[in-house]
Protein chains: 2
Amino acid sequence: MPKRSSASAEILLGLLAMEPMSGYDLAQSIRASVGHFWNESYGQIYPNLRKLAKGGLVNSRSERQAGKPDRHVHSITERGRQRLREWLTVPPQPETPRNELLLKVFLGAQVEPEVLVAHVESMMRSERATLQKLNATAQEIAAAHGKQPAAPYWLMAVRFGQLELQAHLRWAEETLDSLRQIAAHRAASPQKRRRTHGDK
Amino acid sequence: MPKRSSASAEILLGLLAMEPMSGYDLAQSIRASVGHFWNESYGQIYPNLRKLAKGGLVNSRSERQAGKPDRHVHSITERGRQRLREWLTVPPQPETPRNELLLKVFLGAQVEPEVLVAHVESMMRSERATLQKLNATAQEIAAAHGKQPAAPYWLMAVRFGQLELQAHLRWAEETLDSLRQIAAHRAASPQKRRRTHGDK
DNA sequence: GGGTGCATGTAATGGGTTACATGATTCT
DNA sequence: AGAATCATGTAACCCATTACATGCACCC
């Protein structure tokens with residue numbers, strides 16, 4: 001019994017259900033479409049593609065190309081579509097992803113507040129950037145693919161990212177305020193606190 | 001060069017910096033304090049504790065107990081504290097956690113909207129429950145540990161979870177609306193769409 | 001001449017969960 | 001009688017990333 005059914009093969013099926021693609025294309029496509037909540041490495045993609053072919057869930061054909069390696073184009077079979085639908089029906093169970101930043105915040109009393117300030121600021125920057133990308137993606141979906149039946153679903157996924165990132169940014173602002181207060185309080189208080197250890 | 005420095009050992013150090021504990025205690029403590037964004041299994045805890053002891057970052061002593069296995073109580077050393085502070089200073093790099101529910105939403109056009117409705121609803125239920133737990137935790141920290149210098153940091157970590165969960169719940173409501181509209185539209189439209197395949 | 005993109009894949013390595021093994025005590 | 005709690009740990013397995021290997025074309 002596998003511990004976690006992993007979904008690495010299933011996302012390939014899912015994308016191939018939209019259009020036939022090569023392994024390389026799949027990697028690109030994943031980064032572009034679901035990159036904000038999912039990633040796959042080649043080390044996962046190629047072996048899984050093999051397994052899918054062996055199981056009859058995709059068909060593969062080779063295209064000769066001058067100067068480049070053969071392109072192996074994979075297309076989903078009817079059995080593949082069925083498998084995909086089955087998988088989509090299985091309720092995803094809630095997981096607890098690990099969050100290293102939060103862990104460092106939780107343990108923050110062990111270091112100067114400035115350390116956490118820097119971490120939170122850099123997190124803000126990177127999340128602002130991805131939020132902007134997401135906004136652009138949303139626009140693009142509406143503009144270029146608005147009529148496709150899958151478009152509403154893509155937008156739901158994007159919307160999730162937008163709301164989550166907004167929440168993170170709000171948290172970051174709040175947290176920076178608190179941290180700066182702590183820092184100011186420390187600077188004002190008489191005791192030296194360079195090394196926290198020893199004060200019980 | 002390790003691909004991801006993993007932090008499984010560091011969280012142990014971090015908790016042991018608050019008070020000496022056994023491996024069993026650590027597991028409990030992790031669930032209780034940072035369980036909403038971090039988890040560790042025994043298969044991780046015990047071997048790491050060994051490594052920490054070997055590296056001189058914790059000291060371990062055995063306590064005999066009648067009828068139970070010996071309790072191995074670990075306490076952090078000065079070197080351990082230093083290591084912890086170093087690790088806390090390293091900026092956490094942003095990661096993209098995988099989100100199976102979102103993947104299923106993204107691919108949702110392949111199945112009846114009712115399937116996604118069920119998934120989103122069950123996600124709402126579970127997230128509402130953890131939000132309530134978090135609210136309780138926040139209260140408890142303020143009430144019972146309010147004077148501890150680490151309390152503000154604990155509250156920041158909790159706050160993150162609260163804001164994120166609120167965002168998720170807002171998204172879930174929006175999404176349910178959209179899905180129900182799609183479902184209604186489908187029911188009204190004349191074509192049979194049981195099996196989506198074939199309609200390009 | 002060197003970087004980037006296209007295009008395939010494998011091997012090594014590591015991180016983590018699950019299942020197993022043991023066993024007394026206490027609660028239901 | 002049986003389940004849960006205390007308490008330790010190991011082994012098997014799996015999932016995933018990284019690094020490596022190859023090689024042409026195109027652009028700067």
Side-chain angles (χ1 to χ4, degrees), chain A residues 1-12 20-32 34-35 37-54 58 60-74 93-100 103, chain B residues 1-12 20-32 34-35 37-54 58 60-74 93-100 103:
Chain A
M1 209 170 295
K3 55 172 134 226
R4 205 170 274 190
S5 40
S6 101
S8 274
E10 282 80 1
I11 188 179
L12 302 180
M21 275 189 269
S22 70
Y24 188 84
D25 295 339
L26 281 164
Q28 314 264 101
S29 178
I30 288 170
R31 254 198 304 281
V34 293
F37 63 84
W38 201 275
N39 50 22
E40 288 294 343
S41 57
Y42 290 119
Q44 235 13 44
I45 292 174
Y46 286 114
N48 270 312
L49 240 21
R50 281 257 164 120
K51 276 180 213 157
L52 290 173
K54 224 174 256 174
V58 304
S60 313
R61 83 190 122 78
S62 292
E63 281 178 8
R64 281 270 176 80
Q65 296 193 132
K68 295 175 192 170
D70 292 5
R71 243 175 83 86
H72 296 178
V73 180
H74 309 273
Q93 68 238 48
E95 343 166 20
T96 305
R98 291 171 165 207
N99 187 327
E100 190 182 323
L103 185 53
Chain B
M1 208 171 296
K3 49 167 143 231
R4 207 170 273 191
S5 41
S6 101
S8 275
E10 282 81 1
I11 189 178
L12 302 180
M21 276 189 269
S22 70
Y24 188 86
D25 294 339
L26 281 164
Q28 313 264 104
S29 179
I30 288 170
R31 255 198 303 280
V34 294
F37 63 85
W38 202 275
N39 49 24
E40 290 292 344
S41 57
Y42 289 118
Q44 226 29 31
I45 291 173
Y46 286 114
N48 271 311
L49 240 20
R50 280 259 163 120
K51 277 180 211 157
L52 290 173
K54 225 174 256 174
V58 304
S60 313
R61 80 190 125 76
S62 293
E63 280 177 8
R64 281 271 176 79
Q65 299 193 131
K68 296 174 192 172
D70 292 3
R71 243 175 84 88
H72 296 178
V73 180
H74 310 272
Q93 67 239 47
E95 341 165 23
T96 306
R98 292 171 163 206
N99 187 326
E100 190 181 322
L103 186 53

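Below, all heavy atoms of this structure are taken into account, side chains as well, without hydrogens, waters or symmetry copies. Naming: A, B, ... by sequence-line order, numbering from 1 per chain.
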Query raised in the report: Taking OP1 and OP2 of D:dT18, is either one under 4.0 Å from a side-chain nitrogen or oxygen of A:Ser41?
Result: no
**Report entry** Any B:Tyr42 side-chain N or O less than 4.0 Å from OP1/OP2 of D:dG9
**Finding:** no
Query raised in the report: Got a second to check how far B:Gln93's CD is from A:Glu100's CD, nearest 0.5 Å?
Result: 6.5 Å
Query raised in the report: Any side-chain N or O of A:Asn48 less than 4.0 Å from the OP1 or OP2 oxygen of D:dC15?
Result: no
**Report entry** Nearest non-hydrogen partners of A:Thr96 and B:Trp38, listed with the distance
**Finding:** CG2-N, 3.7 Å
Requested in this report: Write down the distance between CD (B:Glu95) and P (D:dT18), rounded to a whole number of angstrom.
Outcome: 11 Å
Query raised in the report: To the nearest Å, how far apart are A:Glu10 CD and D:dA16 P?
Result: 10 Å
Query raised in the report: Taking for each residue the nucleotide of DNA chain D with the nearest heavy atom, is it A:Lys51 or B:Val73 whose nucleotide lies nearer the 5' end?
Result: B:Val73
Report summary line: Whole-Å distance, A:Gln93 CD to C:dT18 C1', equals 13 Å
Query raised in the report: Under 4.0 Å between a side-chain N or O of B:Asn39 and OP1 or OP2 of C:dT17?
Result: yes
Requested in this report: Describe, in one word, how the ring planes of B:Tyr46 and B:Tyr42 are oriented to each other, choosing from parallel (under 30°), tilted (30 to 60°) and perpendicular (over 60°).
Outcome: parallel
Query raised in the report: For the pair made of CE in B:Met21 and P in D:dC6, what is the distance, rounded to whole Å?
Result: 15 Å
Report task. Kindly say if A:Arg98 contacts the phosphate of C:dG16, meaning a side-chain N or O under 4.0 Å from OP1 or OP2. Result -> yes
Query raised in the report: How close or far is atom C1' of D:dG9 from atom NE2 of B:His74, stated in whole angstroms?
Result: 11 Å
Requested in this report: Rounded to the nearest angstrom, tell me the gap between atom CG in A:Leu26 and atom P in C:dG9.
Outcome: 12 Å
Query raised in the report: Where the side chain of B:Arg50 is concerned, which of C:dG16, D:dT10, D:dT17 is the nearest nucleotide?
Result: D:dT10
Query raised in the report: Among A:Leu52, A:Asn48, A:Leu12, whose side chain to side chain contact (heavy atoms under 4.5 Å, CB included) with A:Val58 holds?
Result: A:Leu52
Requested in this report: Return no unless some side-chain N or O of A:Tyr46 is found under 4.0 Å from OP1 or OP2 of C:dT8.
Outcome: yes
Query raised in the report: Between A:Tyr24 and C:dT8, does any side-chain N or O lie under 4.0 Å from OP1 or OP2?
Result: no
Query - Euclidean distance, atom CG of residue B:Leu12 to atom P of D:dT8 [Å, nearest integer] - result: 13 Å
Report task. Report yes if at least one side-chain N or O of B:Ser8 is closer than 4.0 Å to OP1 or OP2 of C:dG15; otherwise report no. Result -> no
Query raised in the report: Between A:Ser6 and D:dC14, does any side-chain N or O lie under 4.0 Å from OP1 or OP2?
Result: no
Requested in this report: Check the side chains of A:Ser60 and A:His74 for a donor-acceptor pair under 3.5 angstrom, ignoring hydrogens and angles.
Outcome: yes
Requested in this report: Measure the distance from CG on B:Leu49 to P on D:dT8 and round it to the nearest whole Å.
Outcome: 9 Å
